[in-house]
2 protein chains.
Amino acid sequence: MSVTIKDVANRANVSPSTVSRVISNNSRISDATKERVRAAMAELNYQPNLIARSLTNKSTKTLGLLLPGSKADLLLNPFFVQAMRGISSYAKEKGYYILFTHADNDEDEVEVLSNLVGSQWVDGIILTTVKDNDKSIAFLQYRKHPFVVIGKPDDEKITYWVDNDNIKAMYDVVDLLIKKGKKNIGFIGGSHEFKVTKYRLLGYLKALKINNIKADLNLIYEKDYTEEAAYEATKEMIEYQTPDAIVTTDDLIAFGVQRALLEQGIEDVSLVGFNNTVISQYKKPSISSVDINAEKLGMFAAKLLINQIEDTPMETNNYIIDTKLIERDSTK
Amino acid sequence: MSVTIKDVANRANVSPSTVSRVISNNSRISDATKERVRAAMAELNYQPNLIARSLTNKSTKTLGLLLPGSKADLLLNPFFVQAMRGISSYAKEKGYYILFTHADNDEDEVEVLSNLVGSQWVDGIILTTVKDNDKSIAFLQYRKHPFVVIGKPDDEKITYWVDNDNIKAMYDVVDLLIKKGKKNIGFIGGSHEFKVTKYRLLGYLKALKINNIKADLNLIYEKDYTEEAAYEATKEMIEYQTPDAIVTTDDLIAFGVQRALLEQGIEDVSLVGFNNTVISQYKKPSISSVDINAEKLGMFAAKLLINQIEDTPMETNNYIIDTKLIERDSTK
DNA sequence: GTGAAAGCGCTAACAC
DNA sequence: GTGTTAGCGCTTTCAC
């Protein structure tokens, strides 16, 4: 049997409520008893039962982290891992635990959330992707459960979120390529279903427009988030016309593009990925990539969520995290 | 206010205990009332409060996953990520949540564990590394708290654990190299502090012995788990003598070795890593590596732990997970 | 400044 | 079969 607040109370010759007050550092307790209680706690090696505390407080000091279903490469994508690290660090600092869970597929996601929320197991939830018309966001909004998403949601005014400025990030990349003399720039993105694809496409289009280059729909592809889909898209694109640069929305996609290019013996096409994965620097040629600062995204997500849970006044409902193009041989 | 068991009871005109019985599918409840209660639950959209349930049951159906401190590359090492995936899948299937936490450094680790255990927040704990004279294991043993470790512990009879057969895995690698005609084989491992280093070194020594090759201490290094340390070790080793093969205990180490070799213009030294990271296949030349099946390690760790928690009779206190050498250009 | 008592939502022993 | 009751360990009114 573990030691409870009652045991401490007995030992210190006070009532349980007094012990509770000492724990929460309540002011109107005399220093003398405070000392006595603390001593008793130390002697008995008392540790509060957080479950019991959670039940009374209706707060578990736990954040739910939902990783998306379906994507087999989920945990292989360093983005999630780095984000988790940021979340975990900040949460720990603030005394929160992280409940880690994953959906088996897209349909499963709301189900998982419903259990998490309904069971009252977590004070808030962190979503790691945003889709068009996101069912999970809709659900959490409906349930009025605190949450934050990594990615810019539809209703950017209401929802709490953190994201990079994806339009600008891609704009800068394309603009740079144009300044370097590239004129026919292809775009290969992941599924349009993901917001991030959309915003990066917008940045691409914007850069073309400002530089008076007409967008060519035959140079724009939005397929799956896989190396294979990107490989196929590239082959198709090349059949129509070989661009002098290709920008992508993910390193994984860039890998597929590079494979297709090399196979065709094409060498002078610039290439840019996103997420700055470790592998991109080991490719031949090494691939330039945009570092999205995932750990910082995670940290600030945790921050927004915890502030929200604790009703800390906030000046904003979102944070924009800076990005940085890491140039390598593929854009030299 | 969320709906409680009482609300359901009122609605169905039964007592709370009856509702509770329906939830746990207790046998001696008439089908009629069962139906009525179920209907009420559905209408009210009732979801049990797991915190309350945990308090009475003294079980949270949550597993604590502790990731080690200090190592900055913690989450970058795909081993942990893959293991997490295996753990998470199995746990979910069995209705358990995963509480994810990390220590900031080695001293912090017992502290974190103590809080986790003392707060009664988790039913069991998964440790992801084992050290010589492991403080965390000692602590959990002392507290008699269910736990399982990934890695072979000192007291392999008592503790529950999963691991690869690291002696055999390395033995097979070295034996294969010898069969291929290599005679001077170097060993570069991570810190001796980690059990895994020790076992792999044993496998290395065993293979040499069986093949009547005398071990040469100048060809054996145990340093940090970093690319840099491996790079330095290799340079030192070469100064003494260039081996015709080098085996390592981690891909990261193999990368450092390869860098040193390439810099010296040495090309005919076979090289083998461990963990079969994605990067190893993209290196030039691609690096052969032992796949340790981390996801399976995680799955079986979860299995052992949950069985232990639920007092399911078990025929064993450990599982040995198979490994597989993935041959690439570095051993061709 | 401190204690008594009620209550958080659930389960389980004990009645009937 | 079903209801009554006590209790899990804590916090928090409300007394004094």
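Letters A, B, ... are given to chains in the order of the sequence lines, protein chains preceding strands, and every chain is numbered from 1.
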Could you pull out all residues at least two apart from [X] that satisfy salt bridge (Lys or Arg N to Asp or Glu O under 4.0 Å)?
| X | answer |
| --- | --- |
| A:Glu111 | none |
| B:Lys152 | B:Glu156 |
| A:Asp108 | B:Lys92 |

Please report the distance, rounded to the nearest Å, between [atom1] in [X] and [atom2] in [N].
| X | N | atom1 | atom2 | answer |
| --- | --- | --- | --- | --- |
| B:Lys6 | C:dC8 | NZ | P | 6 Å |
| A:Ile5 | C:dA4 | CD1 | P | 14 Å |
| A:Ile23 | C:dT2 | CD1 | P | 15 Å |
| A:Leu55 | D:dC8 | CG | C1' | 9 Å |
| A:Trp121 | C:dC8 | CH2 | P | 19 Å |
| A:Asn13 | C:dG3 | CG | C1' | 13 Å |
| A:Leu50 | D:dT11 | CG | P | 9 Å |
| B:Met41 | C:dG9 | CE | C1' | 15 Å |

Take the C1' atoms of the five end pairs on each side of the helix from C:dG1-D:dC16 to C:dC16-D:dG1, derive the two axes, and give their angle rounded to 10 degrees.
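Answer rounded to 10°: the end axes differ by 40°.
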At 4.0 Å (heavy atoms only), tell me whether B:Thr33 reaches a base, stays on the sugar-phosphate, or touches nothing.
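Touches sugar-phosphate only.
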Given [options], which nucleotide is nearest the side-chain atoms of [X]?
| X | options | value |
| --- | --- | --- |
| B:Val14 | D:dC10, D:dG3, C:dC10 | D:dG3 |
| A:Pro48 | D:dG1, D:dC10, C:dC8 | D:dC10 |
| B:Asn49 | D:dC8, C:dC8, C:dC10 | C:dC10 |
| A:Ile29 | D:dC10, D:dG9, C:dT2 | C:dT2 |

Which pairs, with at least one residue in residues 35-45 of chain B and sequence neighbours excluded, count as a side-chain hydrogen bond (donor to acceptor under 3.5 Å, both in side chains)?
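Counting only pairs at least two positions apart or across chains, the side-chain hydrogen bond (donor to acceptor under 3.5 Å, both in side chains) contacts touching residues 35-45 of chain B are B:Arg11-B:Glu43.
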Is there any side-chain hydrogen bond (donor to acceptor under 3.5 Å, both in side chains) pair reaching into residues 13-22 of chain B, and which pairs are they, with sequence neighbours excluded?
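Sorted pair list: B:Ser15-B:Ser17, B:Ser15-B:Thr18.
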Could you tell me whether the side chain of B:Glu109 and the main chain of B:Glu107 form a donor-acceptor pair under 3.5 Å?
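Not confirmed, B:Glu109 side chain does not pair with B:Glu107 backbone.
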Donor-acceptor pair, distance only, cut-off 3.5 Å: does the side chain of B:Asp7 make one with the backbone of B:Thr4?
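Confirmed, B:Asp7 side chain pairs with B:Thr4 backbone.
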Side-chain N,O (A:Lys58) to OP1/OP2 (D:dT11) below 4.0 Å:
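Checking A:Lys58 against D:dT11: no side-chain N or O falls below 4.0 Å of OP1 or OP2.
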Is any side-chain N or O of B:Ser15 closer than 4.0 Å to OP1 or OP2 of D:dG3?
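Affirmative; the distance criterion is met.
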Please list, chain by chain and in numerical order, all residues satisfying side-chain hydrogen bond (donor to acceptor under 3.5 Å, both in side chains) with A:Asp163, sequence neighbours excluded.
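side-chain hydrogen bond (donor to acceptor under 3.5 Å, both in side chains) list for A:Asp163, sorted by chain: A:Asn166.
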Polar pairs (N or O, both sides) under 3.5 Å between protein and nucleotides 12-15 of chain C?
residue	atom	partner	partner atom	Å
C:dA13	N6	B:Arg21	NH2	3.0

Does B:Phe300 have any ring pair (Phe, Tyr, Trp, His ring centres under 6.0 Å) partners at least two apart in sequence or in another chain, and if so, which?
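Ring pair (Phe, Tyr, Trp, His ring centres under 6.0 Å) check on B:Phe300 returns B:Tyr319.
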Is there a donor in the side chain of B:Asn115 and an acceptor in the side chain of B:Ser119, or the other way round, less than 3.5 Å apart?
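No donor-acceptor contact under 3.5 Å links the two side chains.
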